[in-house]
Number of protein chains: 2
Amino acid sequence: MTIRHETAPMPASPLRLAEVAARAGVSESTVSRVLRNIGPIAEATRVAVLKAAEELGYVPNRLAGALASTGSALVGVVVPSLDNIVFAEVLRGVTERLEEAGLQAVIGVTGYDLAREERIVSALLAWRPRGLVIAGIDHTPRLRDLLAANGTAVVEMMDIDGAEPALDRRVGLSHGAAGAAMAAHLLARGYRRFGYVGHDISRDIRARKRLDGFAAELARRGVALVAEEMVAGPSSVAAGRRGLATLLAAHRDLDAVYFSNDDMAVGGYFHCEANGLRMPDDLAIAGFNGLDIGQELPRRLTTVRSPRYRIGQLAAEQILTRQGAAEAAAKPATIDVGFELIAGETA
Amino acid sequence: MTIRHETAPMPASPLRLAEVAARAGVSESTVSRVLRNIGPIAEATRVAVLKAAEELGYVPNRLAGALASTGSALVGVVVPSLDNIVFAEVLRGVTERLEEAGLQAVIGVTGYDLAREERIVSALLAWRPRGLVIAGIDHTPRLRDLLAANGTAVVEMMDIDGAEPALDRRVGLSHGAAGAAMAAHLLARGYRRFGYVGHDISRDIRARKRLDGFAAELARRGVALVAEEMVAGPSSVAAGRRGLATLLAAHRDLDAVYFSNDDMAVGGYFHCEANGLRMPDDLAIAGFNGLDIGQELPRRLTTVRSPRYRIGQLAAEQILTRQGAAEAAAKPATIDVGFELIAGETA
DNA sequence: ATAATGGATGACAGCGCTTGCATAGATGCT
DNA sequence: AGCATCTATGCAAGCGCTGTCATCCATTAT
């Protein structure tokens with residue numbers, strides 16, 4: 001039996017513009033203007049209003065504000081996963097840039113499921129967001145229609161390879177080209193018997209694009225991709241380790257293995273280390289993403305760095321700078337941030 | 001000069017309840033009820049309304065809905081960082097659980113800055129969220145006041161050690177106890193000359209609590225913490241590696257080193273590996289978090305696993321189940337999810 | 001038959017803010 | 001002094017929903 005009176009729960013914030021206005025002795029509109037810094041305001045009034053708001057601990061109701069002004073300072077961000085540091089970094093780029101502009105991110109995680117993406121985007125749209133940032137460029141037709149009919153600013157990020165036209169704007173890199181670049185690098189180093197270890201590629205479309213680019217480049221140079229090992233489930237160090245073990249059990253003669261990403265490649269690295277395989281002499285290892293962990297291994301991982309944080313920032317920026325549809329049509333729709341091949345010590 | 005007519009930008013979603021109502025031949029209230037599944041509705045009406053909404057591609061305006069009904073289906077989530085997989089996992093737990101319940105997360109990243117936390121929470125409150133989930137239990141006095149006066153459901157997560165009373169509910173573990181547990185484990189293994197390598201501990205309060213718990217347990221057993229090396233900046237594999245190198249340069253006689261977390265510890269691991277130090281014989285290494293990467297190293301890292309995903313889920317759940325303030329006062333305010341010491345092969 | 005019951009729906013007043021328009025002093029200009 | 005200009009502020013009409021209350025048929029009970 002605790003007696004609560006001083007700390008009694010207040011009737012959930014009965015604090016409105018009107019209260020502040022009353023206390024400052026001005027009208028609601030004036031308070032509204034002061035708080036949003038618009039229109040000419042006498043200095044004395046401004047001070048009085050700010051003081052009243054401060055003393056009352058007034059927090060404006062943005063729901064009402066957004067409804068009244070159409071435009072919600074909310075930006076929907078849709079990523080496929082948060083198991084992996086990759087999207088967390090993208091998210092960081094997005095939120096930081098948005099915060100500078102006073103906007104906030106509402107997030108949705110699809111689990112690489114396009115049907116779920118559709119539902120999530122729809123739910124996000126219900127907040128009438130200023131814009132939408134979505135990882136990936138592959139969507140269900142229904143989602144495309146929804147977005148097209150809706151007119152919301154949308155930025156597709158991470159990826160720029162695709163036959164489908166951009167929904168609106170894109171910020172990313174060509175995963176096909178990244179795969180091809182790695183193939184070219186490995187070929188230049190003299191490797192000829194290639195293997196691949198990946199995770200569930202039917203869901204991770206960008207990983208597939210890298211593999212396709214990789215294989216295509218090999219083919220172009222008349223070299224075959226000898227073997228592929230796909231591990232079920234999401235990418236992880238453990239999966240990469242197991243995958244390489246399986247792959248090598250069936251194909252002892254490989255001289256280089258490309259992994260779907262760095263997590264997987266680090267797993268491969270550990271497998272080699274644990275089994276006395278020297279890299280790159282006994283086996284070359286390459287990944288994708290350029291994660292820190294790969295670069296801190298005793299032997300730096302050969303990989304391709306994707307500018308994730310920057311992609312997030314740029315994506316947010318696209319939302320911020322997007323004005324009318326007219327201007328949108330004028331600007332280039334796609335920003336290719338490129339990538340950087342890191343020639344490490346494992347390949 | 002592009003002529004756009006077919007694809008002309010629509011007047012941003014002029015689609016309201018009224019349009020759907022008109023098309024279905026019923027009133028707005030009926031549409032509202034059908035869409036929210038409340039009240040008795042004739043089956044024929046339901047079908048007609050759903051059909052009209054579907055055909056029109058109607059997406060309800062939740063801003064308006066929330067404003068009218070007070071209760072916004074938005075939950076603010078505040079984390080200190082997204083550099084690290086740890087909070088990404090927490091976030092995943094939160095968003096997944098919220099999504100099941102039809103709620104959405106608006107996120108804020110503080111960068112371990114309490115002043116910024118205050119601003120972010122204030123901005124989040126402006127959306128009149130159903131609840132707030134905040135990592136950490138240390139806040140500015142002003143933030144405490146704001147939240148207390150506001151009556152919003154809030155869950156502090158990750159940490160449960162602290163003199164300050166809980167804002168509302170807590171879900172986490174005792175970092176002090178985790179540090180102490182590791183000290184006990186290492187002492188039991190016979191180590192006696194301890195070192196510590198940490199990152200910017202003035203900001204990462206939980207890392208400090210672990211260190212304090214660790215040092216206290218050593219002291220209780222009459223053992224000293226010989227040396228501490230603090231690396232500036234956030235935790236990272238690189239920082240851990242550098243930190244250990246520095247520490248050992250000054251103190252060659254240590255037999256065990258405790259790291260502020262697993263990222264740092266993995267860096268230490270690589271340092272040992274690169275310098276021919278055998279673990280645990282030449283040097284024992286221990287971390288905190290129980291990250292996958294640590295468990296996939298050739299020698300499994302000795303660490304303490306924190307149930308991050310579960311913390312996120314539970315935190316979301318607290319928001320979902322929280323009813324009135326009365327009931328809130330009745331339930332236990334703190335959930336201790338505990339932790340698990342993983343006796344790996346490095347200590 | 002007629003009243004009572006309940007299922008199905010519509011009307012309408014807000015929710016808390018923004019914003020165009022009106023108003024009222026205070027200045028400036030001729 | 002008289003009128004145009006500003007600057008500073010208030011008024012009031014919504015923004016697109018929700019929720020209460022009233023209404024209107026069908027049924028069923030009497």
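We name chains A, B, ... by the order of the sequence lines, and we start the count at 1 in each one.
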> Hey, does the side chain of A:S32 come within less than 4.0 Å of C:dC17's phosphate (OP1/OP2), counting only N and O?
Replying inline: no
> Expressed in angstrom and rounded to an integer, what is the separation of A:E28 atom CD from D:dC11 atom P?
Replying inline: 10 Å
> Do B:L82 and B:L91 have side chains that get closer than 4.5 Å, going by heavy atoms?
Replying inline: yes
>> Using a 4.0 Å cut-off on heavy atoms, which residues in residues 41-51 of chain B reach DNA chain C? List them by number, or say none.
In response: B:I41, B:A42, B:T45
> Is any side-chain nitrogen or oxygen of A:T30 closer than 4.0 Å to OP1 or OP2 of D:dG10?
Replying inline: yes
>> On DNA chain C, compare the nucleotides closest to B:V31 and B:L67; which residue's is nearer the 5' end?
In response: B:V31
> Can you tell me if CZ on B:R142 sees more than 12 non-hydrogen neighbours from other groups inside 6.0 Å?
Replying inline: no
> Taking the side chain of A:P40 as its heavy atoms from C-beta onward, which of D:dA8, C:dG16, D:dG16 lies nearest to it?
Replying inline: D:dA8
>> Nearest whole Å is fine: how far is C:dT18 P from A:I38 CD1?
In response: 8 Å
> Side chains of A:R169 and A:T334: does their closest heavy-atom pair fall under 4.5 Å?
Replying inline: no
> What residues, two or more places apart in sequence or in another chain, satisfy side chain to side chain donor-acceptor pair (under 3.5 Å) together with B:R119?
Replying inline: none
> So does B:S69 get a side-chain nitrogen or oxygen closer than 4.0 Å to the phosphate oxygens (OP1/OP2) of D:dT18?
Replying inline: no
> Going by distance alone, is a donor N or O of one side chain under 3.5 Å from an acceptor N or O of the other, for B:S27 and B:T30?
Replying inline: yes
> Between CZ of A:R92 and OG of B:S81, what distance do you get to the nearest 0.5 Å?
Replying inline: 7.5 Å
Which pairs, protein N/O on one side and nucleotides 20-22 of chain D N/O on the other, fall under 3.5 Å?
| unit_1 | atom_1 | unit_2 | atom_2 | d |
| --- | --- | --- | --- | --- |
| D:dT20 | O4 | B:R33 | NH2 | 3.3 |

>> Do B:F87 and B:R308 have side chains that approach each other closer than 4.5 Å (heavy atoms only, starting at C-beta)?
In response: no
> Can you tell me how far P of D:dC15 sits from CG of B:L15, to the nearest Å?
Replying inline: 15 Å
>> Run the salt bridge (Lys or Arg N to Asp or Glu O under 4.0 Å) test on B:K51 and B:E54 for me, step by step, so that the C-alpha distance in whole Å, both residues' side-chain angles and the decisive distance to 0.1 Å come before the verdict.
In response: CA-CA 5 Å; B:K51 179 157 168 289; B:E54 170 64 29; over 6 Å; no
> Within this structure, what is the CG-to-C1' distance between A:L125 and D:dC17, rounded to whole angstrom?
Replying inline: 17 Å
>> Checking A:R36 against A:S32: is there a side-chain donor and acceptor pair closer than 3.5 Å?
In response: yes
>> Please report the distance, rounded to the nearest Å, between CG in A:L35 and P in C:dG16.
In response: 16 Å
> Which angle, rounded to 10°, do you find between the first-five-pair axis and the last-five-pair axis of the helix from C:dA1-D:dT30 to C:dT30-D:dA1?
Replying inline: 40°
> Whole Å only: how far is the CZ atom of A:R128 from the C1' atom of C:dC17?
Replying inline: 18 Å
>> Counting only heavy atoms from other residues, nucleotides and ligands, does the tally under 6.0 Å from CZ of A:R144 exceed 12?
In response: yes
> With a 3.5 Å cut-off and no angle check, do the side chains of B:E117 and B:H139 form a donor-acceptor pair?
Replying inline: yes
> When the distance from CH2 of A:W127 to P of D:dG16 is rounded to whole Å, what number comes out?
Replying inline: 16 Å
> Between A:E156 (side chain) and A:V171 (backbone), is there a donor-acceptor pair under 3.5 Å?
Replying inline: no
> So do B:L125 and B:L147 actually touch side chain to side chain, heavy atoms under 4.5 Å?
Replying inline: yes
> So, is A:Y58 close to the C:dG16 phosphate, meaning a side-chain N or O under 4.0 Å from OP1 or OP2?
Replying inline: no
> So do B:Q318 and B:M157 actually touch side chain to side chain, heavy atoms under 4.5 Å?
Replying inline: no
Measure all distances between protein nitrogen or oxygen atoms and nitrogen or oxygen atoms of nucleotides 22-29 of chain C, and list the pairs falling under 3.5 Å.
none

> What pairs of residues pass the side chain to side chain donor-acceptor pair (under 3.5 Å) test when at least one of them lies in residues 100-113 of chain A, not counting sequence neighbours?
Replying inline: A:R97-A:E100, A:Q104-B:W127
>> In whole Å, I'd like the distance from the CZ atom of A:R62 to the C1' atom of D:dC15.
In response: 17 Å
> Taking OP1 and OP2 of C:dC17, is either one under 4.0 Å from a side-chain nitrogen or oxygen of A:R36?
Replying inline: no
